Number of protein chains: 2
Amino acid sequence: MLTNRQLQILQVIVDDFVMSAQPVGSRQIAKKEGITFSAATIRNEMADLEELGFLEKTHTSSGRVPSEQGYRFYVDHLLKPQVISGNDVNQIHSLFEKQMFEAEKVIRESANILSELTTYTTILLGPDVKKHRVKKVQIVPLTEQTAVAIIVTDNGHVENRVLPLPSGFSPSEIEKMVNILNDRLVGVPLHDFQMKLETEALSILKQHVNAAESIIQSLVSISANQSEGNVYYGGKSNMLNQPEFHDLNKVRMLMDLIDKKSQVHTLFNQQQSGIQIRIGSENNHLAMENCSVITASFLLDEEQQGAIAIIGPTRMDYKRVVTLLEVMRNGLSQAFMKGTNDKL
Amino acid sequence: MLTNRQLQILQVIVDDFVMSAQPVGSRQIAKKEGITFSAATIRNEMADLEELGFLEKTHTSSGRVPSEQGYRFYVDHLLKPQVISGNDVNQIHSLFEKQMFEAEKVIRESANILSELTTYTTILLGPDVKKHRVKKVQIVPLTEQTAVAIIVTDNGHVENRVLPLPSGFSPSEIEKMVNILNDRLVGVPLHDFQMKLETEALSILKQHVNAAESIIQSLVSISANQSEGNVYYGGKSNMLNQPEFHDLNKVRMLMDLIDKKSQVHTLFNQQQSGIQIRIGSENNHLAMENCSVITASFLLDEEQQGAIAIIGPTRMDYKRVVTLLEVMRNGLSQAFMKGTNDKL
DNA sequence: GTTAGCACTCGCATAAGAAGAGTGCTAATA
DNA sequence: TATTAGCACTCTTCTTATGCGAGTGCTAAC
């Protein structure tokens with residue numbers, strides 16, 4: 001168990017290092033407000049904290065730097081929510097005051113605001129389209145050979161795709177087909193769409209419509225397709241500002257990582273709700289060795305949630321980010337729950 | 001007017017520097033195949049070329065480096081289309097062999113392939129949605145208070161937006177409204193949509209439907225909205241590989257520039273068709289001081305064109321990029337023209 | 001238990017020297 | 001006259017040396 005003095009020193013070191021990115025020395029700590037003991041005492045305590053694994057040295061005679069374990073302890077026990085300047089809170093709130101009917105816009109804006117306020121990179125995961133239910137299926141003919149298939153979901157999301165028409169496929173057949181599809185498939189969640197399509201609709205379609213298979217295939221591909229679309233970024237190049245990213249190789253790895261939407265999902269820990277912090281190697285990714293990720297999930301409606309991730313160096317301003325994230329998370333949850341089903 | 005020998009030397013210097021990123025010395029040139037004169041002669045010629053503005057030195061006793069004017073002369077007079085390895089051409093062609101019905105996918109893939117083959121960053125400008133014509137307008141009610149408005153264009157592009165319904169707006173009124181809209185607006189290009197909506201449809205709508213204005217507003221905002229959506233990127237982080245981008249500040253400026261879709265349009269010179277090369281300061285942009293941009297436009301249908309831009313350092317492998325771009329441009333033009341109006 | 005004092009370590013910045021690449025000029029050569 | 005060999009000179013880069021300063025760890029005194 002750490003003594004109060006040790007806690008105090010650890011706190012000062014983390015706070016100072018987060019701001020300055022420089023190892024913190026004993027004299028520097030002694031000068032801090034609230035510190036009543038001398039540099040020599042601090043040196044002793046620091047030696048103990050290092051032995052316990054909370055601090056590290058960059059070289060024999062440098063000041064101390066928090067270790068991963070140090071950050072972990074800090075966020076678990078020393079993190080007191082910061083009082084955020086009214087300006088920043090206002091900036092977030094102003095986002096929700098505008099009456100916005102499109103979730104996508106709100107989310108995109110949120111990512112931008114967060115990255116601006118934190119100076120880190122933000123990734124926002126929108127609602128999982130697969131959970132939306134089919135509201136309406138439409139097929140709009142374009143030419144003799146092609147048409148657009150459109151699936152509207154109950155949240156107002158629209159998926160679409162151009163598909164080839166079998167030759168000689170008539171408008172009346174399209175109409176028949178659309179009617180059957182709407183009869184059978186309205187209300188089905190998208191992740192069951194393919195299955196229901198093949199079990200319930202296919203046989204009936206075959207009875208009434210010629211050459212329906214190719215169109216069915218296209219419909220399936222729509223519903224299979226959109227898992228990747230709901231990722232939004234803010235401040236991608238912000239990380240270039242951080243001194244720890246002077247190594248271009250690391251930057252490249254990171255950029256490649258966050259650009260791959262499939263990889264992005266591994267950053268989130270959707271199971272748990274609330275705010276979560278993963279520090280350095282806890283991310284289980286080489287490119288994230290010196291990064292921390294703070295994630296927060298927010299409710300979109302009864303069954304769905306979105307998620308925010310903020311990616312910065314392990315030397316991240318945790319208290320500021322956590323507080324901002326809390327504000328944003330509440331705002332988003334409220335905004336979406338208020339108008340449940342009015343919005344995407 | 002430059003002598004043959006000077007031309008030959010300039011060519012060798014550009015080719016060599018493009019590969020090595022190192023200033024080229026006289027001895028190095030003398031060793032090259034096809035060079036029959038001595039290093040001393042080359043030194044004399046280089047001094048002349050420098051005086052003429054085609055070469056530069058990084059310091060008094062370094063080898064020579066092409067100046068912007070040198071690159072300009074090179075691309076204008078010395079650029080002979082390179083024979084590209086069959087593999088690379090195949091990779092491009094294989095893209096068009098797959099039957100793809102969605103322009104967006106083709107374009108996205110093109111950007112990726114180009115950035116891979118060139119190792120530079122690719123930006124692809126898709127068709128200008130504003131020129132598409134309305135094929136069908138639909139309004140799908142979601143709840144009592146909201147609905148999705150959908151505009152399908154003749155190329156299969158779908159724009160959509162959630163809109164609030166005036167209270168007490170009935171399904172039959174929606175139907176009436178949709179019918180009127182389709183009667184009046186089918187065939188109208190999107191950039192005229194707002195105007196036509198207000199001149200032709202509004203008055204009739206007012207006669208038949210109550211409180212149509214708010215819906216009209218939402219429709220207008222759909223058609224006003226999508227100018228930004230048609231930009232695709234490939235290999236964004238490729239530039240981090242170039243030695244000239246060791247300066248993080250430059251990288252940041254560049255990334256910020258190409259991420260802003262509004263700025264991207266200034267990179268293109270849509271007026272002229274064919275392949276264009278802008279070198280360094282010719283781009284009129286501080287962040288692009290050491291970059292060259294090669295753009296090519298391709299035909300999408302009778303009236304529209306898309307554009308490709310490849311962004312790399314001024315020390316770019318012009319001949320390879322130009323050749324690849326030519327292949328890609330032809331492929332794209334062919335792919336789209338073949339199926340004119342079958343595709344987005 | 002706390003603190004002052006001091007020797008010691010290490011990183012960093014600056015300087016100095018050596019090596020190497022390349023130039024420009026001069027004088028010799030074809 | 002055009003070309004080339006030779007050589008002194010310049011400038012970068014790499015290495016090594018040196019001094020400075022920040023910070024530690026230990027000891028002894030308070």
Side-chain angles (χ1 to χ4, degrees), chain A residues 1-10 12-17 19-32 34-67 70 243-244 246-247 315, chain B residues 1-10 12-17 19-32 34-67 70 243-244 246-247 315:
Chain A
M1 191 53 200
L2 298 184
T3 66
N4 268 343
R5 195 163 63 191
Q6 285 172 323
L7 293 179
Q8 201 181 352
I9 289 174
L10 181 54
V12 169
I13 290 178
V14 173
D15 286 340
D16 194 273
F17 182 64
M19 300 313 294
S20 70
Q22 296 300 322
V24 189
S26 55
R27 270 178 54 81
Q28 209 171 332
I29 298 176
K31 275 183 249 162
K32 281 266 152 57
I35 301 293
T36 54
F37 30 92
S38 76
T41 312
I42 294 170
R43 280 199 290 279
N44 289 329
E45 297 286 25
M46 288 202 292
D48 291 349
L49 283 169
E50 184 174 355
E51 212 168 321
L52 291 167
F54 295 110
L55 296 179
E56 284 171 354
K57 280 190 283 196
T58 58
H59 59 269
T60 8
S61 76
S62 73
R64 298 306 206 290
V65 158
S67 66
E244 26 270 284
H246 273 0
D247 181 351
R315 182 191 60 77
Chain B
M1 191 50 201
L2 297 185
T3 66
N4 268 342
R5 195 164 63 191
Q6 285 173 325
L7 294 179
Q8 201 181 352
I9 289 173
L10 181 56
V12 169
I13 290 178
V14 173
D15 286 340
D16 194 273
F17 182 64
M19 299 313 295
S20 69
Q22 296 300 321
V24 189
S26 55
R27 270 179 54 82
Q28 209 172 331
I29 298 175
K31 275 184 249 162
K32 280 266 153 55
I35 301 292
T36 55
F37 30 92
S38 76
T41 311
I42 294 169
R43 280 201 288 282
N44 288 329
E45 297 286 25
M46 288 201 293
D48 290 348
L49 283 169
E50 185 174 353
E51 211 167 322
L52 290 167
F54 295 110
L55 296 180
E56 283 171 355
K57 280 190 284 196
T58 59
H59 60 267
T60 10
S61 76
S62 73
R64 299 306 207 290
V65 158
S67 66
E244 26 270 285
H246 273 358
D247 181 350
R315 181 189 62 77

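Lettering follows sequence order; numbering is per chain, from 1. Nothing here was measured: the structure is a model prediction, and the numbers come from that model.
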Subject >> Among dT12(D), dG23(D), dT23(C), the one nearest H59(B) by side-chain distance >> reply: dT12(D)
Original post:
Sequence neighbours excluded, which residues qualify as salt bridge (charged side-chain N to carboxylate O under 4.0 Å, His left out) partners of R5(B)?
Top reply: E45(B)
Subject >> Atom-pair distance (CD on Q6(A); P on dT2(C)), nearest Å >> reply: 11 Å
Subject >> Whole angstrom value for the distance that separates P of dA2(D) from CG of N4(B) >> reply: 16 Å
Original post:
Can you tell me how far C1' of dA21(C) sits from CZ of R27(B), to the nearest Å?
Top reply: 9 Å
**OP:** Starting from C1' on dG22(C), measure out to NZ on K31(B) and report it in whole angstrom.
**Re:** 12 Å
**OP:** Output yes when at least one side-chain N/O atom of R64(B) is less than 4.0 Å from OP1 or OP2 of dG22(C), else no.
**Re:** no
**OP:** Go through the structure and list residues passing side-chain contact (heavy atoms from CB on, under 4.5 Å) with E244(A), not counting sequence neighbours.
**Re:** Q242(A), P313(A), R315(A)
Original post:
To the nearest angstrom, how far is E50(A) atom CD from dG25(D) atom P?
Top reply: 7 Å
**OP:** For atom CG of N4(A), decide whether the heavy atoms of other residues, nucleotides or ligands shown that lie under 6.0 angstrom number more than 12.
**Re:** no
Original post:
Under 4.0 Å: is that the gap between some side-chain N or O of T58(B) and OP1 or OP2 of dT12(D)?
Top reply: no
Original post:
Does a distance-only test, which skips hydrogens and angles, find a donor-acceptor pair under 3.5 Å between the side chain of S61(B) and the base of dT10(D)?
Top reply: yes
Subject >> Heavy-atom closest pair, residues I29(B) and I35(B) >> reply: O-CG1, 3.4 Å
**OP:** Using atom CD of Q22(B) as one end and atom C1' of dA21(C) as the other, report the distance to the nearest whole Å.
**Re:** 11 Å
Original post:
When the distance from NZ of K57(A) to P of dT24(D) is rounded to whole Å, what number comes out?
Top reply: 8 Å
**OP:** Could I get the full list of salt bridge (charged side-chain N to carboxylate O under 4.0 Å, His left out) partners for R43(A), not counting sequence neighbours?
**Re:** none
**OP:** Could you state the atom-to-atom distance from CG of L49(A) to C1' of dG23(D) in whole Å?
**Re:** 17 Å
Original post:
Would you say S62(B) reaches dT23(C)'s phosphate, i.e. side-chain N/O to OP1/OP2 under 4.0 Å?
Top reply: no
Original post:
Applying side-chain hydrogen bond (donor to acceptor under 3.5 Å, both in side chains), which residue pairs with at least one partner in residues 47-57 of chain B are found, sequence neighbours left out?
Top reply: E50(B)-R64(B)
Original post:
Which ones in residues 37-47 of chain B lie close to DNA chain D, meaning a heavy atom under 4.0 Å from one of its atoms?
Top reply: F37(B), S38(B), A40(B), T41(B), R43(B), N44(B)
**OP:** Using side-chain contact (heavy atoms from CB on, under 4.5 Å) as the criterion, list what pairs up with T58(A), not counting sequence neighbours.
**Re:** P23(A), S62(A), V65(A)
